[in-house]
Protein chains: 2
Amino acid sequence: MLSPLRQTDHAPTATGPFGFTGPCLRHARDEEIFSEGDSADYIYQVISGSVRTCRLLRDGRRQIDEFHLAGDYFGIEAGDLHRVTAEAMADTTVRMVRRGALSDLAAQRADVARALFRLTAEGLQRSQDHVLMLGRKSARERVVGLLVDLAERTGAQSELDVPMSRQDMADYLGLTIETVSRTLTQLQSDGVIALPTTRHIVLRDRAALRRLGD
Amino acid sequence: MLSPLRQTDHAPTATGPFGFTGPCLRHARDEEIFSEGDSADYIYQVISGSVRTCRLLRDGRRQIDEFHLAGDYFGIEAGDLHRVTAEAMADTTVRMVRRGALSDLAAQRADVARALFRLTAEGLQRSQDHVLMLGRKSARERVVGLLVDLAERTGAQSELDVPMSRQDMADYLGLTIETVSRTLTQLQSDGVIALPTTRHIVLRDRAALRRLGD
DNA sequence: CGTGAGTTTGAAGGGAATCAAGACTAGTGG
DNA sequence: CCACTAGTCTTGATTCCCTTCAAACTCACG
């Protein structure tokens with residue numbers, strides 16, 4: 001499940017997948033890249049590191065919309081403003097592409113317009129998978145789903161380095177941090193994963209995991 | 001919340017908002033328009049009636065992805081196959097636009113490419129709102145959110161005709177039919193809505209509803 | 001006026017949340 | 001290099017919101 005929002009058919013090049021380069025910017029861990037309500041002047045590509053996009057309710061409840069890994073694009077909007085906040089989950093480099101320039105280029109080159117559509121539609125697919133997960137899956141299915149998704153997207157075989165905290169996992173999965181922790185511990189005692197350190201997870205039985213993720 | 005996936009700036013015309021017409025097809029209540037896994041050869045616009053798009057897990061759990069009302073587009077995909085099933089919720093007329101033709105037109109006309117992008121990005125926005133709702137909101141907040149969204153999209157003042165069954169509401173909201181029913185009854189005894197018939201809901205206090213939907 | 005699908009209501013149970021410690025772990029500075 | 005410390009994570013006990021199971025009700029339709 002959860003196919004990645006990435007341009008997998010084009011390795012990031014000097015000129016970038018849209019045919020021109022944008023400036024690259026470094027962000028320290030937990031630094032904000034843009035905020036909900038900011039003017040959406042750029043779209044972004046993760047060059048290295050990883051990014052979370054999230055939304056906050058007035059009372060502090062947080063929902064992480066998506067984790068963006070190296071290669072992924074984020075910050076694409078229909079309107080003029082960003083509707084989510086983007087923060088670096090580790091020291092991260094992002095390429096910034098000016099939206100106006102991209103829009104102009106898309107107006108001239110059909111392949112660019114097509115790539116932009118594809119990127120957006122893939123984001124929609126991932127969001128739909130997320131909806132299914134949050135609406136109809138158990139805590140265990142959600143946690144397993146996230147692990148399998150991360151493994152697929154990073155190309156990990158069985159050694160998985162997770163870029164996010166337990167709190168981030170919880171806020172992505174619509175659970176609490178305690179439930180995420182308990183579920184991981186349970187998966188470990190079931191023998192399908194091992195947890196040598198908090199940010200490193202060994203997938204010991206991928207077939208079983210695929211079954212549990214439903 | 002939940003801005004509609006519609007072309008609000010173009011009233012549906014004889015030629016359609018993409019500048020050309022497609023054939024219109026009628027579907028009876030509960031009839032399938034396309035199914036998960038079908039080849040995505042068309043995109044669709046609801047002319048009259050309403051449509052649900054949903055996904056099914058192997059064990060029968062169902063998640064409704066979106067309700068599509070008159071004017072809305074649905075069936076837009078990044079890949080070659082439909083990833084959801086679309087069914088008419090009432091007797092419904094849909095316009096079918098051949099995907100290949102649309103893709104060709106988008107390659108020639110930047111305004112069409114732009115409209116297609118916008119439609120997709122708006123669908124993504126709505127899906128993100130849905131994620132927030134399912135991940136972090138209570139049953140009451142979800143039900144109120146749906147009612148307010150439907151009222152906004154249909155332009156209803158206080159008299160709201162809901163096109164879907166309680167089961168559909170439950171499967172959209174990630175709840176059970178019993179919880180939806182109880183929540184509506186509770187909202188009625190709180191005086192913020194009235195339920196003269198099952199498919200007709202009176203919004204008696206929109207300010208209170210906006211607060212409760214949070 | 002029966003008949004049945006859809007809906008509402010009730011009672012009981014369960015999965016995840018909440019509340020509360022305790023155990024790591026990763027920095028920090030001596 | 002190694003305590004010290006703050007933040008993160010895990011574990012435990014309890015609570016609660018929603019689900020499940022069950023039955024009654026409503027209303028459209030023959």
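Source: prediction; values computed, not measured. In what follows, chains carry the letters A, B, and so on, assigned in the order in which the sequence lines appear, proteins first and then strands, with residues in each chain numbered from 1. Values below: every heavy atom of this structure, side chains too, minus hydrogens, waters and symmetry copies.
No side-chain donor-acceptor contact under 3.5 Å links B:Tyr42 and B:Arg99. A donor atom on one side chain and an acceptor atom on the other are not found under 3.5 Å apart for B:Arg166 and B:Ser181. In the model, A:Gln125 has no side-chain atom that pairs as donor or acceptor with a side-chain atom of A:Asp129 under 3.5 Å. A:His200 and A:Asp161 are linked by a side-chain donor-acceptor pair at a separation below 3.5 angstrom, with hydrogens and angles left out of the test.
Remark: C1' of D:dC18 and CG of B:Leu134 are 14 Å apart, rounded to the nearest angstrom. Distance, B:His200 NE2 to C:dT7 C1': 18 Å, rounded to whole Å. With rounding to whole Å, B:Met164 atom CE is found 16 Å from C:dG6 atom P. Atom CE in A:Met169 sits about 9 Å away from atom P in D:dT10, given to the nearest Å. Across the protein-nucleic acid pair, A:Gln188 atom CD and D:dC9 atom P stand 15 Å apart, rounded to whole Å. Distance, A:Arg199 CZ to D:dC9 P: 6 Å, rounded to whole Å. Taking atom CG of residue A:Leu195 and atom P of nucleotide D:dT8, one finds them 19 Å apart after rounding to whole Å. Rounded to an integer number of Å, the gap from CZ of B:Arg166 to P of C:dA5 is 19 Å.
Between B:Tyr44 and B:Phe34, the ring center distance clears the sub-6.0 Å criterion.
Here the side chain of A:Arg206 pairs a donor or acceptor atom with the backbone of A:Gln157 at under 3.5 angstrom. Using modelled atom types, one side-chain atom of B:His130 and one backbone atom of B:Asp65 make a donor-acceptor pair closer than 3.5 Å. Between the A:Arg204 side chain and the A:Val192 main chain, no donor and acceptor come within less than 3.5 Å of each other. The closest donor-acceptor contact from the side chain of A:Thr185 to the backbone of A:Thr183 lies at 3.5 Å or more, if one exists at all. Between the side chain of A:Glu32 and the backbone N or O of A:Thr85, no donor-acceptor pair lies under 3.5 Å.
Across all strands shown, B:Ser181 has heavy atoms under 4.0 Å from base atoms, whether or not it also approaches the sugar-phosphate.
Each of B:His82, B:Glu66, B:His68, B:Gln63 was evaluated against B:Thr53; a single residue qualifies, B:His68, per the side-chain hydrogen bond (donor to acceptor under 3.5 Å, both in side chains) test.
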Between the protein and nucleotides 23-30 of chain D, are there any N/O to N/O pairs under 3.5 Å, and if so, what are the atom names and distances?
none

Could you list, one pair per line, each protein nitrogen or oxygen that sits under 3.5 Å from a nitrogen or oxygen of nucleotides 13-19 of chain C, together with the distance?
residue	atom	partner	partner atom	Å
C:dA16	OP1	A:Ala139	N	2.8
C:dA17	OP1	A:Thr176	N	3.4
C:dA17	OP2	A:Thr176	N	3.2
C:dA17	OP2	A:Thr176	OG1	3.0
C:dA17	OP2	A:Thr179	OG1	2.4
C:dT18	O4	A:Arg182	NH2	2.8
C:dC19	N4	A:Glu178	OE2	3.0

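Taking the C1' atoms of five terminal pairs at each end of the helix from C:dC1-D:dG30 to C:dG30-D:dC1, the two resulting helix axes are inclined by 40°, rounded to 10°.
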